[in-house]
Number of protein chains: 2
Amino acid sequence: MPSPQPSPASPSRPRLSRETVLAAAASLVKQHGPQALTMRKLAAELGTAVTSIYWHVGNRESLLEALVERTVRELGDIRPRGRTPHARVVSIARALRRELRAHPHLIAMVHERGLTERMFLSAQQALVHEVHAAGLRGARAAEAVRAVQFSVIGHVLVERNRERAPVQRPGEPELWGPEAAEEDPGLARALARAPDPERVFTVSVRALVDGLLGLPDSPAP
Amino acid sequence: MPSPQPSPASPSRPRLSRETVLAAAASLVKQHGPQALTMRKLAAELGTAVTSIYWHVGNRESLLEALVERTVRELGDIRPRGRTPHARVVSIARALRRELRAHPHLIAMVHERGLTERMFLSAQQALVHEVHAAGLRGARAAEAVRAVQFSVIGHVLVERNRERAPVQRPGEPELWGPEAAEEDPGLARALARAPDPERVFTVSVRALVDGLLGLPDSPAP
DNA sequence: ACCTGAACACCGTTCAAGT
DNA sequence: ACCTGAACACCGTTCAAGT
């Protein structure tokens with residue numbers, strides 16, 4: 001036994017492992033998005049031959065799948081805040097949005113790979129609890145939970161798309177010039193500005209929860 | 001002048017034009033999505049050399065852009081139905097959803113290319129009208145319009161993603177087994193079933209509009 | 001058990017050359 | 001004005017061969 005660990009081509013590099021590959025891949029995705037993760041760039045990053053990666057992770061698709069699975073597991077629990085069910089549901093929605101936005105590239109990847117339900121399990125259970133507290137039961141409760149869930153995912157997807165394509169042509173300013181809504185200049189001004197996604201989200205969720213649970217100052221039906 | 005139109009390599013094929021290229025590209029996208037539109041497949045479809053396409057449309061990206069622009073122009077006007085502003089806003093939202101779903105591959109493409117505002121102009125003006133009729137003005141009216149707009153786009157995006165990845169793992173049935181919510185078996189049953197997107201959409205939009213305009217049977221604030 | 005290079009079948013795009 | 005093939009720089013993946 002001349003050497004316990006026969007040195008590979010580049011002796012300084014530590015042995016390749018599934019973990020190393022996943023870590024490097026995660027860093028590439030985090031920095032430049034999934035489309036920037038090519039097997040060849042990844043190999044270059046790791047200082048190995050492209051084909052070595054295949055030994056450890058199978059192929060590109062299962063590499064991405066493993067990445068997604070890992071991120072979903074890392075997603076934190078949701079802690080509702082507030083006194084009324086209304087306030088607590090809104091707080092869950094906001095927390096959900098924050099978590100999703102913290103992993104911008106991964107939302108779409110999770111969705112495409114069918115892991116959305118697992119990703120939302122913790123939030124879903126929290127929502128069930130609050131919706132119950134608000135007096136909803138059975139199918140109606142389920143509908144309320146799913147309405148909130150869909151809305152949050154939808155908003156985050158819209159926001160992501162907007163961020164990727166910030167330049168809007170023709171552009172709302174031109175569409176909502178002073179003559180367009182002369183009877184309500186305040187509205188025209190508001191629509192001419194770029195929307196504040198945070199604000200749109202909050203307004204929407206509040207209104208949605210109002211509609212689902214009954215208005216905050218009115219008793220549940 | 002031996003021949004008024006010197007025949008190309010394949011004499012049966014009519015002369016290539018920007019229109020022909022766009023039509024063939026549109027058909028490819030409609031059938032198999034944007035990722036199936038490769039310049040080489042398109043050339044094969046048209047019976048030309050790949051490079052001929054570049055002469056007519058520049059490159060792949062501007063080809064897709066032209067496609068999107070054309071679809072946006074084709075999008076029909078929205079005709080609100082119903083007696084109350086509430087009903088009419090809901091009808092606009094449903095019409096919007098139907099139009100978007102009629103061009104499944106193009107929603108994302110429109111969004112990525114920043115044409116969403118133009119695409120929504122007609123609907124936005126209809127929404128402004130209804131929201132005015134409901135008594136909202138200025139910034140509040142603008143918020144309501146945008147809340148509806150974001151929600152519809154969001155829902156359609158979520159639905160599209162779900163359709164592309166119909167298999168959910170672990171799967172809600174396993175997550176919502178009988179013991180999970182024993183105190184409300186109706187809820188557990190409802191959540192164990194796959195959601196009906198149409199139903200979730202309707203419930204969400206109704207609740208959202210309730211919250212934005214005031215409940216349908218209560219006066220506007 | 002792990003790593004390698006060569007090879008295959010794909011991409012989008014450029015360019016000089018044809019008519 | 002329009003069309004062409006050759007060439008370039010990229011992909012993901014397979015495979016036989018090395019240690």
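Quick caveat: nothing in here was measured; it's all calculated off a predicted structure. We name chains A, B, ... by the order of the sequence lines, and we start the count at 1 in each one.
- By the side chain to side chain contact (heavy atoms under 4.5 Å, CB included) test, B:Thr51 is found to be paired with B:Ala49, residues two or more places apart in sequence or in another chain being considered.
- By the salt bridge (charged side-chain N to carboxylate O under 4.0 Å, His left out) test, A:Glu99 is found to be paired with no residue, residues two or more places apart in sequence or in another chain being considered.
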Report all side-chain donor-acceptor pairs from residues 18-30 of chain A shorter than 3.5 Å, counting only partners two or more places apart or in another chain.
| from | atom 1 | to | atom 2 | distance (Å) |
| --- | --- | --- | --- | --- |
| A:Glu19 | OE1 | A:Arg70 | NH2 | 2.7 |
| A:Thr20 | OG1 | A:Ser17 | N | 3.3 |
| A:Thr20 | OG1 | A:Ser17 | OG | 2.6 |
| A:Ser27 | OG | A:Gln31 | NE2 | 3.1 |

Identify all pairs in which a protein N or O lies below 3.5 Å from an N or O of nucleotides 12-15 of chain D, and state each distance.
| from | atom 1 | to | atom 2 | distance (Å) |
| --- | --- | --- | --- | --- |
| D:dG12 | OP1 | A:Met39 | N | 3.2 |
| D:dG12 | OP2 | A:Met39 | N | 3.0 |
| D:dG12 | N7 | A:Arg40 | NH1 | 2.2 |
| D:dG12 | O6 | A:Arg40 | NH1 | 3.3 |
| D:dG12 | O6 | A:Arg40 | NH2 | 3.3 |
| D:dT13 | OP2 | A:Tyr54 | OH | 3.1 |
| D:dT13 | OP2 | A:Arg60 | N | 3.0 |

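- Partners of A:Arg98 according to the salt bridge (charged side-chain N to carboxylate O under 4.0 Å, His left out) rule, which considers only residues two or more places apart in sequence or in another chain, do not exist here.
- Taking A:Phe120 as the reference, nothing meets the ring pair (Phe, Tyr, Trp, His ring centres under 6.0 Å) condition, with sequence neighbours excluded.
- Rounded to the nearest 0.5 Å, atoms CD (B:Gln149) and CD1 (B:Ile92) are 11.5 Å apart.
- Of the side-chain N and O atoms in B:Ser52, none sit less than 4.0 angstrom from OP1 or OP2 of D:dC2.
- Note that the OG atom of B:Ser204 and the CZ atom of B:Arg199 stand 10.0 Å from one another [nearest 0.5 Å].
- In this view, A:Glu61 and A:Arg113 satisfy the salt bridge (charged side-chain N to carboxylate O under 4.0 Å, His left out) rule, not counting sequence neighbours.
- Looking at residues 22-35 of chain B, you'll see that no heavy atom sits under 4.0 Å from any atom of DNA chain D.
- Note: CG (A:Leu46) to P (C:dC3) measures 10 Å, nearest angstrom.
- Every side chain to side chain contact (heavy atoms under 4.5 Å, CB included) that B:Arg94 has, sequence neighbours left out, goes to B:Val90, B:Glu198, B:Phe201, B:Thr202, B:Arg206.
- A:Leu16 places its CG atom 9 Å from the C1' atom of C:dC2, with the value rounded to the nearest Å.
- Proximity of B:His56 to the phosphate of D:dC3: a side-chain N or O atom is located under 4.0 Å from OP1 or OP2.
- Contact check, A:Thr48 against C:dC3: no side-chain N or O comes under 4.0 Å of OP1 or OP2.
- For B:Arg88, the salt bridge (charged side-chain N to carboxylate O under 4.0 Å, His left out) partners are B:Glu130, not counting sequence neighbours.
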Nucleotide pairing, DNA chain C (Watson-Crick or G-U, distances under 3.5 Å), in dot-bracket with [ ] and |: ||.|||||...|||||.||
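- In this structure B:Asp196 satisfies the side chain to side chain donor-acceptor pair (under 3.5 Å) test with no other residue, sequence neighbours excluded.
- C:dC3 atom P lies 14 Å from atom CZ of A:Arg18, rounded to whole Å.
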